[in-house]
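Take a look at the structure set out below.
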There are 2 protein chains.
Amino acid sequence: MRDIARAMEMEAASLYNHIDSKQSILNALLMDIANRFTVGMQQIQSSSLTALEQLEALIDQHVDMTVGYTDAISLVPSEWIHLEEPHLKEFVTLRKNYEDAFKAVILAAIEEGSIAEVDVDVALFSTLSTLRWLYSWYTKQGIKVELLKKELKRTLLQGLISSL
Amino acid sequence: MRDIARAMEMEAASLYNHIDSKQSILNALLMDIANRFTVGMQQIQSSSLTALEQLEALIDQHVDMTVGYTDAISLVPSEWIHLEEPHLKEFVTLRKNYEDAFKAVILAAIEEGSIAEVDVDVALFSTLSTLRWLYSWYTKQGIKVELLKKELKRTLLQGLISSL
DNA sequence: GTCTATACGCTGATAGAC
DNA sequence: GTCTATCAGCGTATAGAC
């Protein structure tokens, strides 16, 4: 709280005229991120895109969110564990729904024949691992957003070996 | 420290007859992991395997380490930041050397023609993101180690689209 | 080598003046 | 709405008895 206060150029005690508690800040940031991903998923699901195009749109969404909300998104991999109930359950539910929806898109892409019959759980885990850690990596690179999207789609969807 | 003491069935104060500080525990665990990965990389580098086979061996190594040292390896993604000097610099150097060596293997695989001419930095980041987060995922799955190795190599090296 | 008692810095948060 | 003063709890670590 003292770090935040310094950044706001006030004393730590003054923060409490604007927020209830440290917990409420964590909750507000994480819920905002979770809701944005949830809405984005719904938009992609209800689109007329093919399953493969939906996968590409999901990757693009993660890149856009990472660039647009880098600080808040850095809380997602590890800090969510410090949420208190009932917010913890709420966050975990939103995340589970998102993962299930993501998995369904992968399955649909297999069914439509646009990707191979991979192990869906391994594919989901691998893809989300990369997308969730993106925030810690992309700032160190000078890479442009559009190039990043293109290369990530290539790496995640086509792998290293394929396009020979 | 009180959590550790409870697991050891003693009082927190009694721990200090066995260790210097909490910091020294973190350092011992992280250095052990870093050294094991460093030795493994050296063995793979000095082998007569092709670059593609070396990539596969690196993935296998991460799976073996994750299964064999799950608790200690869980410190690698985020907790290393709490190391104090000079241990922090030491750890970061070992990690940088490991990443450089990993990148060199990817480059060698491109040069030998066994993988496509991908963006090496994106490929390294994506691969390591998945392998470093493996600890948090594999225990929830009932998946066998050998199957996990096979599916990870497929997903990371061949991607989703390729093997149609 | 374990215990009890305790020191002491840090942190989230509150009280009350202005 | 900001400040100063302050509190209470926690967490690492030490002292010293046994």
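Lettering of chains follows the sequences in order, A, B, ..., and the numbering in each one begins at 1.
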A correct 5'-to-3' footprint of nucleotides 12-18 of chain C, with B, S and - meaning base, sugar-phosphate only and no protein heavy atom under 4.0 Å, is BBB----
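Between the CG atom of A/D3 and the P atom of C/dT11 there is a distance of 8 Å, rounded to whole Å. Straight-line distance from the CE atom of B/M8 to the P atom of C/dC3: 11 Å, rounded to whole Å. When the P atom of D/dG1 is taken as reference, atom CG of A/L15 falls 13 Å away, rounded to whole Å. Summarising the geometry, the separation between CD1 on A/I25 and C1' on C/dT11 is reported as 14 Å, rounded to the nearest angstrom. Look at CD on B/E11: it is 15 Å from C1' on D/dT12, rounded to the nearest Å.
The shortest side-chain heavy-atom distance between B/D121 and A/W137 falls under the 4.5 Å cut-off. Between A/W80 and A/L26 there is no side-chain heavy-atom pair separated by less than 4.5 Å.
Applying the 4.0 Å criterion to OP1 and OP2 of C/dG1, one finds that B/S14 has every side-chain N and O outside that range.
For the side chain to side chain donor-acceptor pair (under 3.5 Å) with A/D60, the lone residue among A/K153, A/K149, A/K150 that qualifies is A/K153.
A salt bridge links B/D3 with B/R6: at least one charged nitrogen is closer than 4.0 Å to a carboxylate oxygen.
Annotation: A/H62 is not in aromatic contact with A/Y138 [ring centroid separation under 6.0 Å not met].
Panel note: side chain A/N35, backbone A/M31; a donor-acceptor pair is recorded below 3.5 Å.
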